[in-house]
Amino acid sequence: MEHLIKVYNNISRKKETFVPINSPFVGMYVCGPTVYNDVHLGNVRTFVSFDVIYRYLQYYGYKVRYVRNITDVGHLTEDENAEDKMLKQAKLMQVEPMEVAQLYTNNFHEVLYLFNCLPPNIEPIATGHILEQIEMTQAILAAGFAYEIDGSVYFDVEKFNKKVGYGKLSGRKIEDLIANTRDLDGQENKRNNLDFALWKKANPEHLMRWKSPWGEGFPGWHLECSVMSTKYLGANFDIHGGGMDLKFPHHECEIAQNQAATHYEGARYWLHTNMLTVNGQKMSKSLGNGFLPAELITGDHPVLERGYAPMVIRFFMLQTHYSSTLDFSNEALDAAEKAYFRLMNAWENLNKLSLTPNANLQDAAEMEEVNRLCEACHQSMNDDFNTAMTIANLFELSRKINAYNDGKLALESLDEPTFARLQATYNDFIQVVLGLKNEQKEQGGKLTDGLMDIILDIRKAARENKDWTTSDLIRDRLNTLNVVVKDAKEATTWSVN
RNA sequence: GGUCGGAUGGCCGAGUGGCUAGGCAGAGGUCUGCAAAACCUUCUACACCAGUUCGAAUCUGGUUCCGACCUCCA
């Protein structure tokens, strides 16, 4: 049995055994959002994926320091004015740029909380690390891999490529890049189109500006991640994550900066989550084809037939491996919703079961099967955090659990350690590792429960008298209120849909 | 054009050189006053063309189609 975690490392393009630099400590850095507007669902997917990775690494026994930044320095928009996104939004809203940042940082936190993502251990913000960014720029200048022109400092990609090598992560060759870069505004004073800004001189009207050895300006986009990962995790740490779309140029530039300043590439394992698509097209802020998490929850969007609970959406996302694209459709969400409630139902059933061990009834084959499935949950997570496979294993266990609950299989065929393992594994993987919560739970309330008891008692009496008209009337009327009544053998249960 | 990644049954989606993914939907059955739930059984697969192999959907080469990145994006 293999008990080591394997991860697909984008820098080697291979699945590798995960070996922390300083076990049991693990450092993980994930690129966070730019807080100039609402997070959309694609962002949520990435952070849910890394949330599960964070959760599993901890469950596995590692002491993880999870750092996820907030980018609150704006970067260039695609329009020809090359306007800073933070500033553009601030002007639009007629507020301070930092108010924009605060507003959408709050929104970001609320959304991730809704999706049951654990907060990172450190959430550094770019504007809180201007000094460090100036220092790293100086270090890169001192190493000879950057140059200053007119109050801006640029990374010298060509020189770096000759001496160290550029393009390892994305597999790009510098000659191809030179042939293909476009001319962008505000870049005319760079030596080479490929060069990227470490520090930009601020125009007189630019609101976000800081003093530096090169005059007033603001840091380049790629720099903050190099700086903050180095500051909180060291120059050489374990995992760096982010969306696939950050692979180039963002992460490539980060690696170059890291190497120029510290000689290390930064992280040893580079993990990228794939994109969310709508009708086969990437969901992105720029394309405007995304919906907001709130819209998906309420169903208030033209392409959505109805809303889905946050946990249903989280479950839906985890049914796919993080490295595959995930396409959104009402059909897929409906299927996921049914599956999710089945899982939750089995979970409830499991926690109602209690075993009185009986050595005479124990069945070695049955115990082996349960143990095998429990083991498989670990194995599938060890295999590059394969949540889809883990969920499949949990469904196999669900079938068992339901059979025990129904009496179709004797719970006594298990001995105590096997039953305890089943309970622990099932509870842990759903709750601790996958971070799912039971959405059904929050209904009822004392008064409702009491009223339902009365109603169902009356119905029970009717059924005992074979007064099917009355019993069916009660059930049908409750149904119109979305209350579903189920007559199981022992008792009648109800739930709100 | 360059770089990278895909193509799996009605749908969503894992995985693998020979052995059931899983979920949703469909069919049959058990249970039930009926219904629901649950359980059991079951039907649809691995883009195309070559090659390697005892054996390939899984490896190799080619073809077609699709997507991402190459400008900010998770």
Side-chain angles (χ1 to χ4, degrees), chain A residues 10 13 30-34 36 39-50 71 74-79 82 84-85 167 170-173 175-177 179-185 187 221 241-250 252 272-277 280-287 290 315-316 319-321 323-329 331-340 342-343 345-346 349 376 380 383 386-396 398-399 401-403 405-409 463 466 468 471-472 475-476 479 484-489 493 495:
Chain A
N10 266 279
R13 298 199 184 92
V30 174
C31 289
T34 304
Y36 69 96
V39 270
H40 71 95
L41 217 58
N43 302 63
V44 173
R45 195 223 178 167
T46 292
F47 301 124
V48 164
S49 298
F50 284 104
T71 300
H75 300 286
L76 303 183
T77 50
E78 69 265 41
D79 59 36
D84 174 312
K85 277 190 259 193
S170 57
R172 282 167 164 83
K173 291 192 185 66
E175 306 80 54
D176 299 334
L177 289 169
N180 284 301
T181 35
R182 305 178 212 176
D183 288 325
L184 294 173
D185 283 338
Q187 302 196 346
W221 175 43
M244 206 75 119
D245 48 359
L246 296 182
K247 201 166 167 183
F248 188 88
H250 184 58
E252 200 69 79
H272 292 104
T273 55
N274 216 322
M275 301 291 101
L276 217 55
T277 59
Q281 269 236 318
K282 176 188 169 187
M283 185 188 281
S284 79
K285 284 189 185 182
S286 323
L287 290 174
F315 174 84
F316 173 67
Q319 269 189 311
T320 309
H321 188 84
S323 64
S324 301
T325 54
L326 174 58
D327 197 58
F328 255 76
S329 67
E331 298 73 32
L333 280 161
D334 285 345
E337 186 181 68
K338 283 185 182 161
Y340 164 80
R342 248 195 86 197
L343 196 68
N345 190 43
N349 286 343
S380 46
D383 186 9
N386 193 332
T387 53
M389 194 67 203
T390 304
I391 288 172
N393 291 322
L394 287 172
F395 272 111
E396 301 234 24
S398 304
R399 202 176 294 162
I401 291 164
N402 289 330
N405 188 51
D406 271 15
K408 299 254 163 52
L409 274 175
R463 294 183 72 218
K466 296 198 194 293
W468 308 127
S471 84
D472 288 353
R475 187 172 62 194
D476 293 347
N479 234 319
V484 179
V485 175
K486 293 171 196 166
D487 297 315
K489 257 180 200 149
T493 60
S495 58

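A note on names: the letters A, B, ... follow the listed sequences, proteins ahead of strands, and every chain is numbered from 1. Just the heavy atoms: all of them, side chains too, but no hydrogens, waters or symmetry mates, feed the values below.
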Would you measure the distance from the [atom1] atom in [N] across to the matching atom in [M] and give it in whole Å?
| N | M | atom1 | value |
| --- | --- | --- | --- |
| B/A68 | B/U53 | C1' | 35 Å |
| B/C72 | B/G13 | P | 30 Å |
| B/A21 | B/U58 | P | 16 Å |
| B/A56 | B/G22 | C1' | 23 Å |
| B/A57 | B/U52 | C1' | 16 Å |
| B/A27 | B/C43 | C1' | 7 Å |
| B/A45 | B/U8 | P | 14 Å |
| B/U20 | B/U30 | P | 28 Å |

Does [N] have a Watson-Crick or wobble partner in any strand here, with both distances under 3.5 angstrom, and which is it?
| N | value |
| --- | --- |
| B/G1 | B/C70 |
| B/C19 | none |
| B/U53 | none |
| B/A38 | B/U30 |
| B/C65 | B/G6 |

From [atom1] ([X]) to [atom2] ([Y]), nearest 0.5 Å:
| X | Y | atom1 | atom2 | value |
| --- | --- | --- | --- | --- |
| A/Asp245 | A/Cys31 | CG | SG | 10.0 Å |
| A/Arg475 | A/Arg463 | CZ | CZ | 8.0 Å |
| A/Asp406 | A/Ile401 | CG | CD1 | 12.0 Å |

Quick one: label [X] by what it contacts on the DNA or RNA (base, sugar-phosphate, nothing), any heavy atom closer than 4.0 Å.
| X | value |
| --- | --- |
| A/His250 | nothing |
| A/Asn386 | sugar-phosphate |
| A/Gly242 | sugar-phosphate |
| A/Ala339 | sugar-phosphate |
| A/Gly32 | sugar-phosphate |
| A/Val44 | nothing |
| A/Arg172 | base |
| A/Glu337 | nothing |
| A/Lys338 | sugar-phosphate |
| A/Leu394 | nothing |

- [ ] Between A/Arg463 and A/Ser323, just flag the one whose closest nucleotide in RNA chain B comes earlier from the 5' side.
- [x] A/Ser323
Open item on the list: Which is more 5' along RNA chain B, the nucleotide nearest A/Gly243 or the one nearest A/Ser170? Just name the residue.
Closed with: A/Ser170
State which of [options] makes the closest approach to the side chain of [X].
| X | options | result |
| --- | --- | --- |
| A/Asn402 | B/C12, B/A38, B/A74 | B/A38 |
| A/Phe395 | B/C69, B/G22, B/G33 | B/G22 |
| A/Asp327 | B/A37, B/G13, B/A74 | B/G13 |
| A/Ala335 | B/A38, B/G23, B/G5 | B/G23 |
| A/Met389 | B/A21, B/A38, B/G23 | B/A21 |
| A/Gln281 | B/A68, B/A38, B/C12 | B/A68 |
| A/Ser471 | B/G33, B/C69, B/A25 | B/G33 |
| A/Thr320 | B/C39, B/A68, B/A14 | B/A14 |
| A/Pro33 | B/C70, B/A14, B/A74 | B/A74 |
| A/Cys31 | B/A74, B/C24, B/C39 | B/A74 |

Open item on the list: Please check: side-chain N/O of A/Asn349 versus main-chain N/O of A/Asn405, any donor-acceptor pairing under 3.5 Å?
Closed with: no
Open item on the list: Are B/G33 and A/Trp468 stacked, with the base six-membered ring and the side-chain ring centres under 5.5 Å apart and planes under 30°?
Closed with: yes
Are the side chains of [Y] and [X] in contact, using a 4.5 Å heavy-atom criterion?
| X | Y | value |
| --- | --- | --- |
| A/Met283 | A/His40 | yes |
| A/Gln319 | A/Leu326 | no |
| A/Thr320 | A/Arg45 | yes |

Does the side chain of [X] get closer than 4.0 angstrom to OP1 or OP2 of [N] through an N or O atom?
| X | N | answer |
| --- | --- | --- |
| A/Asn43 | B/A74 | yes |
| A/Lys486 | B/A38 | no |
| A/Arg399 | B/C39 | no |
| A/Arg475 | B/G33 | no |
| A/Arg342 | B/A37 | no |
| A/Ser324 | B/A14 | yes |
| A/Asn274 | B/A74 | no |

Open item on the list: Using the side-chain contact (heavy atoms from CB on, under 4.5 Å) definition, which of the options A/Asn274, A/Thr387, A/Thr273 pairs with A/Ser49?
Closed with: A/Thr273
Open item on the list: With hydrogens left out and only the distance checked, is there a donor-acceptor pair under 3.5 Å joining A/Asn393's side chain and the base of B/G22?
Closed with: no
Task: Distance-only donor-acceptor test (3.5 Å): side chain A/Asp487, base B/C34 - done: yes
